[in-house]
Amino acid sequence: MAKIKGAVVVNKERCKGCELCVVACPSQVLALQPTEVNDRGYHYAFMQNPDACIGCASCGLVCPDGCITVYKVKL
Amino acid sequence: MHMDINEIIKPENLVYTKPRLMNDNPMHYCPGCSHGVVHKLIAEVIDEMGIEEETIGIAPVGCAVFAYNYIDIDWIEAAHGRAPAIATAVKRLNPKKMVFTYQGDGDLAAIGTAETIHACNRGENIAIIFINNGIYGMTGGQMAPTTLEGMKTSTCPYGRNVALNGYPLRIAELVERVDGTCYVTRQSVHTPAAIRKAKKAIRLAFENSMAGKGTSMVEIVSTCNSGWKMSPVKANQWMEEHMFAKYPLGDLKNV
């Protein structure tokens with residue numbers, strides 16, 4: 001079976017830490033930064049578990065601010 | 001198998017990114033607001049249809065008043081509730097253009113009810129994107145005509161009382177009954193699947209405007225997590241549990 005690997009890039013200055021991407025992810029890849037904040041004081045999203053990403057782009061679809069770019073490769 | 005993340009992040013592997021027509025201005029919407037998702041869908045649909053130069057959007061009064069700052073197309077900002085009237089003029093004078101209004105429930109369902117119903121009844125060839133979150137978001141969460149029975153807002157802190165305030169107004173059901181509308185649907189943007197469906201609905205509405213078939217209305221049941229005093233995630237759950245009972249999703253009319 002072809003394996004799929006994905007990667008998510010979050011525009012951390014644009015992110016408002018709404019957590020919708022964290023909930024939408026089917027593989028529990030994303031989380032909000034527990035302590036770090038961006039210039040506007042939001043706990044931005046990041047890939048906590050990058051190896052689990054399948055590049056389904058659910059996070060990108062639900063992001064209200066268009067902060068998320070998704071990449072995918074077939075191995 | 002471990003793979004270095006920099007080997008995946010290459011232009012040829014791109015599957016999703018911010019729409020080209022959405023610019024880099026930081027949006028003023030609250031974290032988790034549905035407006036952002038709908039803005040993205042509109043930008044994507046216009047880009048995919050290749051009608052960037054043919055599109056004129058009419059912005060409302062309400063939170064989306066600054067929509068023209070975020071999507072790089074031509075916009076006109078209308079007085080409160082008057083977007084369908086402005087859109088009527090724009091479309092009649094420029095029949096080749098794709099004209100849509102983008103309105104919230106305070107704008108469309110309250111002060112703009114007459115404009116909306118008469119534009120629909122005249123069958124103006126415009127698309128109306130109606131964001132229904134059951135509350136006046138921008139002014140601080142007051143009761144709107146669409147506020148659910150028993151729902152607490154800053155002007156009905158004990159919950160909407162039907163005997164005092166009347167029933168929640170279902171605009172999509174109203175305009176479905178007038179003869180000028182060709183497409184009336186109700187969608188939401190709380191899950192990836194719902195977002196894909198909402199995008200198809202917006203595309204059909206825009207195509208109807210270009211084809212001159214009549215008025216299309218896409219109602220999007222949305223959240224206002226600040227006005228509802230909830231987290232964005234909780235607001236989506238609350239919407240599924242409460243809003244969809246009064247505002248069921250699906251096509252009401254498609255002729």
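Just so it is clear, the values below take in all heavy atoms, side chains as well, and ignore hydrogens, waters and symmetry mates. Source: prediction; values computed, not measured. Naming convention: chains lettered A, B, ... in sequence-line order (proteins, then strands); numbering from 1 in each chain.
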Portion of Val62(A) that has a non-hydrogen atom of chain B nearer than 4.5 angstrom: both

With side-chain contact (heavy atoms from CB on, under 4.5 Å) as the test, pick out the partner of Thr17(B) among Val9(A), Val70(A), Thr69(A). Thr69(A)

Going through the distances and angles, do Asn13(B) and Lys72(A) end up as a side-chain contact (heavy atoms from CB on, under 4.5 Å)? CA-CA 5 Å; Asn13(B) 298 334; Lys72(A) 181 162 83 173; 5.7 Å; no

Under 6.0 Å from the CZ atom of Phe66(B), do we count more than 12 heavy atoms belonging to anything else shown? no

Which answer fits Met27(B), side chain, backbone, both or neither, if we ask what part of it has an atom under 4.5 Å from a heavy atom of chain A? both

Turns out that what part of Lys10(B) lies under 4.5 Å from chain A's heavy atoms comes down to backbone

Indicate yes or no: at least one non-hydrogen side-chain atom of Arg196(B) is less than 4.5 angstrom from one of Leu61(A). yes

So Lys5(A) and Glu7(B), do their side chains get closer than 4.5 Å, heavy atoms only? no

What part of Asn6(B) is in contact with chain A, defined as an atom under 4.5 angstrom from a non-hydrogen atom: side chain, backbone, both or neither? neither

Region of Ile195(B) in contact with chain A, defined by heavy-atom distances below 4.5 Å: side chain

What part of Val189(B) gets within 4.5 angstrom of chain A, counting heavy atoms only: side chain, backbone, both, or neither? neither

Interface residue of largest heavy-atom contact number with chain B, from Ala7(A), Cys53(A), Ala57(A), Cys67(A), under 4.5 Å: Ala7(A)

side-chain contact (heavy atoms from CB on, under 4.5 Å) for Lys40(B) and Cys63(A)? Distances and angles first, verdict last. CA-CA 9 Å; Lys40(B) 282 200 308 180; Cys63(A) 176; 4.2 Å; yes

If you compare all heavy atoms of Cys18(A) against all heavy atoms of Pro31(B), which two are closest, and at what distance to 0.1 Å? CB-C, 3.6 Å

Heavy-atom nearest pair, Tyr71(A) first then Ile8(B), reads CB-O, 3.6 Å

Turns out that what part of Cys56(A) lies under 4.5 Å from chain B's heavy atoms comes down to backbone

Around atom NZ of Lys152(B), are there more than 12 heavy atoms of other residues, nucleotides or ligands at under 6.0 Å? no

Minimum side-chain heavy-atom gap Met47(A)-Ile5(B) below 4.5 Å: yes

Can you tell which of Leu41(B), Val233(B), Val38(B) has the highest number of heavy-atom pairs within less than 4.5 Å of chain A? Val233(B)

dist Ile68(A):CD1 -> Lys18(B):NZ (nearest 0.5 Å) comes out at 13.0 Å

Applied to residues 24-43 of chain A, the side chain to side chain donor-acceptor pair (under 3.5 Å) test, sequence neighbours excluded, yields none

Are the side chain of Lys16(A) and the backbone N or O of Tyr29(B) linked by a donor-acceptor pair below 3.5 Å? yes

With a 4.5 angstrom heavy-atom cut-off, which part of Asn236(B) approaches chain A: side chain, backbone, both or neither? side chain

Taken to the nearest 0.5 Å, the spacing of His39(B) NE2 from Asp65(A) CG works out to 10.0 Å

